Amino acid sequence: MSPVLEPVVPLSARRRTVPRWLRRTTGPLLLLVLWQVSSATGVLPSDTLASPGTIAGTASDLLEDGTLPHAMLVSVQRVLIGLALGGVIGVSLALVSGLSRLGEDLVDASVQMLRSIPWVGMIPLFIIWMGIGEAPKIALIALGVTFHLYLNVYAGIRGVDAQLIEAGNSLGLGRWGLIRHVVLPGALPGAMTGLRYSLATAWLALVFGETINADDGIGFLLNRAREFFQTDVIVVCLIVYAALGLLADFIVRTLERLLLQWRPNFTGK
């Protein structure tokens, strides 16, 4: 009688009895339930922080009357314009500095010096130079984006393995061939990391920028709610900021998976 063979199940697979998505949502759900119970029992007063039910109702009202969608559209437009401007400037400076020693001597020291200045502290100068319209808001976003992209793209270019450059030379690639086929693909992971940091900085800069006499946008709703002690509207605005930030990060992660398929990554155990 031949022995019966049983499939070998890895120990790690045996332990994963609970789906990962359920484990990841357990903590936030418990926190939400605790928040609602505290509000319902009076432990957390409504004038300190509105209950989740009140916040959901406020969000529904803001969506129905079109206030929140319009504010989101204005804020997203500011971020996209600032991100585009800062991206062009940051990547251009990184290419000049990273691909050439002369460019590094001319550019890097100045950028590093400006980077040490808190970009939020530039708000008074931006108001003096550009007034209180859209220009200082977009300039603040672009400034924050520029430095993150510059540092990461520059580091990515200078982090390319020298042996790959030698291999490209042995295959007959010229300077521009090396840049196109070796240097830029090698710097792409650093550029994607810089883009993720830049998006986070862009949303942070938007919060500060929309305090500059804004008459529209999520920051305008946030400041107006602060004046009237509307904690429900404040939380709705914060949730919108967080959701937009997570959406932007998801888009960048998707781009990373598409553009960096050639690079194997450790995904954890």
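All values reported here derive from a predicted model rather than from experimental measurement.
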With sequence neighbours left out, write down each residue that passes salt bridge (charged side-chain N to carboxylate O under 4.0 Å, His left out) with Asp249, or none if nothing qualifies. Arg196, Arg253
Determine whether [X] and [Y] make a side-chain contact, defined as any pair of heavy atoms from C-beta on separated by less than 4.5 Å.
X      : Y      : answer
Val33  : Leu29  : no
Phe250 : Thr254 : yes
Leu244 : Ile218 : yes
Tyr150 : Ile89  : no
Leu114 : Ile117 : yes

Return yes if some donor-acceptor pair links the side-chain N/O of [X] with the main-chain N/O of [Y] below 3.5 Å, else return no.
X      : Y      : value
Ser38  : Leu34  : yes
Tyr241 : Gly219 : yes
Ser116 : Met113 : yes
Ser75  : Ala71  : yes

Looking at every heavy atom in both [X] and [Y], which two are closest together, and how far apart are they?
X      : Y      : result
Met192 : Leu255 : CE-CB, 3.6 Å
Arg224 : Gln230 : O-OE1, 4.5 Å
Ala248 : Trp203 : CB-NE1, 4.0 Å
Val233 : Thr58  : CG2-CG2, 3.8 Å
Leu83  : Ser198 : CD1-CB, 4.3 Å
Leu149 : Val91  : CD1-CG2, 4.3 Å

In chain order, what residues pass the side chain to side chain contact (heavy atoms under 4.5 Å, CB included) check against Gln77, with sequence neighbours excluded? Ile81
Contacts of Trp35 that satisfy side chain to side chain contact (heavy atoms under 4.5 Å, CB included) - sequence neighbours left out: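 Listed in chain order: Leu32, Ser39, Leu44, Leu49, Pro52, Ile55, Val235.
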Transitively linked via ILVMFWY side-chain contacts under 4.5 Å: [X] with [Y]?
X      : Y      : answer
Leu125 : Ile132 : yes
Leu247 : Val74  : no
Leu85  : Val107 : no
Leu30  : Val37  : no
Leu221 : Ile239 : yes

Measuring from [X]:[atom1] to [Y]:[atom2], what's the distance to the nearest 0.5 Å?
X      : Y      : atom1 : atom2 : value
Thr193 : Asn152 : OG1   : CG    : 6.0 Å
Leu199 : Ile141 : CG    : CD1   : 11.0 Å
Ser100 : Leu95  : OG    : CG    : 11.5 Å
Ile138 : Leu206 : CD1   : CG    : 10.5 Å
Leu204 : Leu140 : CG    : CG    : 9.0 Å
Arg158 : Leu99  : CZ    : CG    : 8.0 Å

How are the rings of His148 and Tyr197 set to each other: parallel, tilted or perpendicular (split at 30° and 60°)? parallel
Flag if over 12 foreign heavy atoms under 6.0 Å of CG, Asp105: yes
For Leu93 and Tyr154, run side-chain contact (heavy atoms from CB on, under 4.5 Å): C-alpha distance rounded to whole Å, both residues' side-chain angles, the deciding distance at 0.1 Å, then the answer. CA-CA 8 Å; Leu93 292 175; Tyr154 172 79; over 6 Å; no
Test salt bridge (Lys or Arg N to Asp or Glu O under 4.0 Å) on Glu210 and Lys137; report intermediate values, then the result. CA-CA 7 Å; Glu210 288 186 334; Lys137 303 175 182 62; over 6 Å; no
